[in-house]
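Shown next, in structure tokens, is the structure this report addresses.
As the structure lists them, so they are numbered: ligands from 1, and atoms in each ligand from 1.
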Amino acid sequence: MNKIKLLDKDLIDKIAAGEVVERPTSVVKELLENGIDAGSTRLEIEIRGGGIDYIRVSDNGIGIAEEDLLLAFARHATSKLESESDLWLLGSMGFRGEALSSIAAVSRVEMYSNPGGEGHCIRVDGGEVISCQAAPAPPGTSVTVTDLFYNTPARRKFLKSTVTEGNQVYDTVVRLALSHPEISFSFRNEHRQVFMTSGNGELREVALAIFGKDFSRRLLDIELQYGDITVTGLIGKPELTRKNRRGQIFMVNRRVVKNPVLSVSLEEAYRGLLLGRERPVGMIFLTMPPDRVDVNVHPQKTEVRFHDEKAVFMAIKTAVREKLFQATNPDLTREPFRTRVESFQEPSPSPAYIPQPVNYRPQPVLKEETLDFMAMSEDDIPPINIYGQWKDSYLICEIDGLLNIIDQHAAHERLVFNQLKAQSVKTVSQELTVPVAIELPPDLLLLVESRQEFLKNLGYVMDRIGEKTMVIRSIPALAAGGEVETLMEILDTWQSRPFAGELDLDDGLKVLACKGAVKAGQRLESREMMHLIREWARTENRNFCPHGRPTCYTIDKAEMDRLMKR
Ligand code: ADP
Ligand code: MG
């Protein structure tokens, strides 16, 4: 006969432990977070055997009073949480009171702690308290965890090689060190010092200590206030890339977090600057009112949800984009060209032109920012001298005393894009004499249906005529000759984005601008060159094409003299 049995406490603890303690890196994370919560200014981490054999985390925090030592190892014992609403406001890392008990349930733990008087040592083996007695210890707490999963062989089997586990521990320590520049972290692996940060509060110094000179030389500081979101941190120059996202770390209100929109916005900012597989590097801090973000009450405590995902997207993208723009276009800040540039601006200039803006308020994305050219007097056009076209692709000219080598396609693309945007409502559509039927896979059909309005504004008139088939009746005039191909390109740019928004229209316009622009390799007449350069010279954001590639290379006389060693 089957009987319902109560699980014994030991088994419950072992099951629960698996939630918190999956592998050595989760042990290290919990112990370090306890040290941070304890107000430490110095944390030392040492591991051996990938952390499976040995982990020690020592801190110089407030320590644990003798009478609390046993309690600290009891499940759901925490000194940090009174009610659930404290979760974020509390600012503490741990809050479930189950890390120590879970770790102790599946390993051998020895903890020394000294809250400022006398030290004590407690030993717990597989959840059993072996001893708890007075012992000399420096102020703070030191926890040693050995033989992880020695009593749960099934879990131990899931561990990877010691090298892989050790690498994951490294990642965790790095992330916590970067998110706490004010704490000194020292990390030893197999008796070797891997890195030590100074704890002087400078993120750049943390990066230097961990990644070395070569790496940190190629980092740029970012700082932007976007509505009530503050973005700070370090990003890699476009030449500093990784093949995966391990070089991307995001902190929200000082907590290392995960959310797909974070990487997407960072990568969007680099769009056009990196090659297909390259991933940008970034250590980005977001600060926002705690009530604008939900933290998932999961043991790993890393997943967050933003109430206004789009604001987060725009904040990161703008902060990063601006910096990249400045870094790749130092010419822009150069007099007198810059004064000229400013004379073409609307009262509220595009963010890309403000060096280190202090308080940039978000602008509606579709706000018409392009100037009415006709309103400008001839005097406002900078003096232009055209020397010619090189390789049918580059225009060589002098603008306002500076030598410019202009990528004709990229420059024209920018111009067409700005003009399309200025029309703002709808691009010119052209009816097809013979409608084209296309069959689409379900994901693309969904994309088409969810963004009908954008497609219409771009100039597409389409109907669904079957389960999988759509008929294209009209197309944007600029897409003439490539109706299906252009549509596919547009859908492709939309596919990577987690939500529909005005940016989608921009992406569509970018594809159209690319189709409509003169190509590299196309011979231009001098009249056409003049027209293109004049219009381009006074259009907004001229130094980047809409995809983010540079449109020109500019050099002044002094720099040329230097190059020629005059
Ligand atoms: P939580 O961190 O969720 O409260 P833990 O199981 O990690 O739960 O720790 C239980 C309690 O033990 C903590 O609330 C804290 O009071 C105490 N504690 C643990 N580690 C330390 C430490 N390094 N320094 C001071 N107190 C600690
Ligand atoms: Mg904890």
Any atoms of ligand 1 less than 4.0 Å from a non-hydrogen atom of Ala38? List them with their elements.
-> 24 (N), 25 (C)
Give yes if a backbone or side-chain nitrogen or oxygen of Asp59 is under 3.5 Å from a nitrogen or oxygen of ligand 1, and no if not.
-> yes
Counting heavy atoms under 4.0 Å, the part of Glu98 that contacts ligand 1 is backbone
Note, Ile52 side chain near Leu159 side chain (heavy atom, < 4.5 Å) | yes
Non-hydrogen atoms of Gly61 versus ligand 1: any pair closer than 4.0 Å?
-> no
Is the charged tip of Arg48 near the ring of Tyr54: under 6.0 Å from the six-membered ring centre and within 45° of its axis?
-> yes
Numbered in order shown, the ligand 1 atoms found under 4.0 Å of a heavy atom of Ala72 are 10 (C), 12 (O)
Report yes if some N/O of Ala99 lies less than 3.5 Å from some N/O of ligand 1; otherwise report no.
-> yes
Does Phe211 have Arg218 sitting over its ring (NZ/CZ under 6.0 Å from centre, angle to axis within 45°)?
-> no
Among all residues two or more places apart in sequence or in another chain, which pass the salt bridge (charged side-chain N to carboxylate O under 4.0 Å, His left out) test with Arg242?
-> none
Beyond-backbone contact of His120 with Gln133, side-chain heavy atoms, under 4.5 angstrom = no
Mind checking whether Ser101 has an N or O less than 3.5 Å away from an N or O of ligand 1?
-> no
Report the part of Leu100 (side chain from C-beta onward, or backbone N, CA, C, O) that has a heavy atom under 4.0 Å from ligand 1; answer both or neither where that applies.
-> both
Using a cut-off of 6.0 Å, state whether more than 12 heavy atoms not belonging to Tyr150 lie near its atom OH.
-> yes
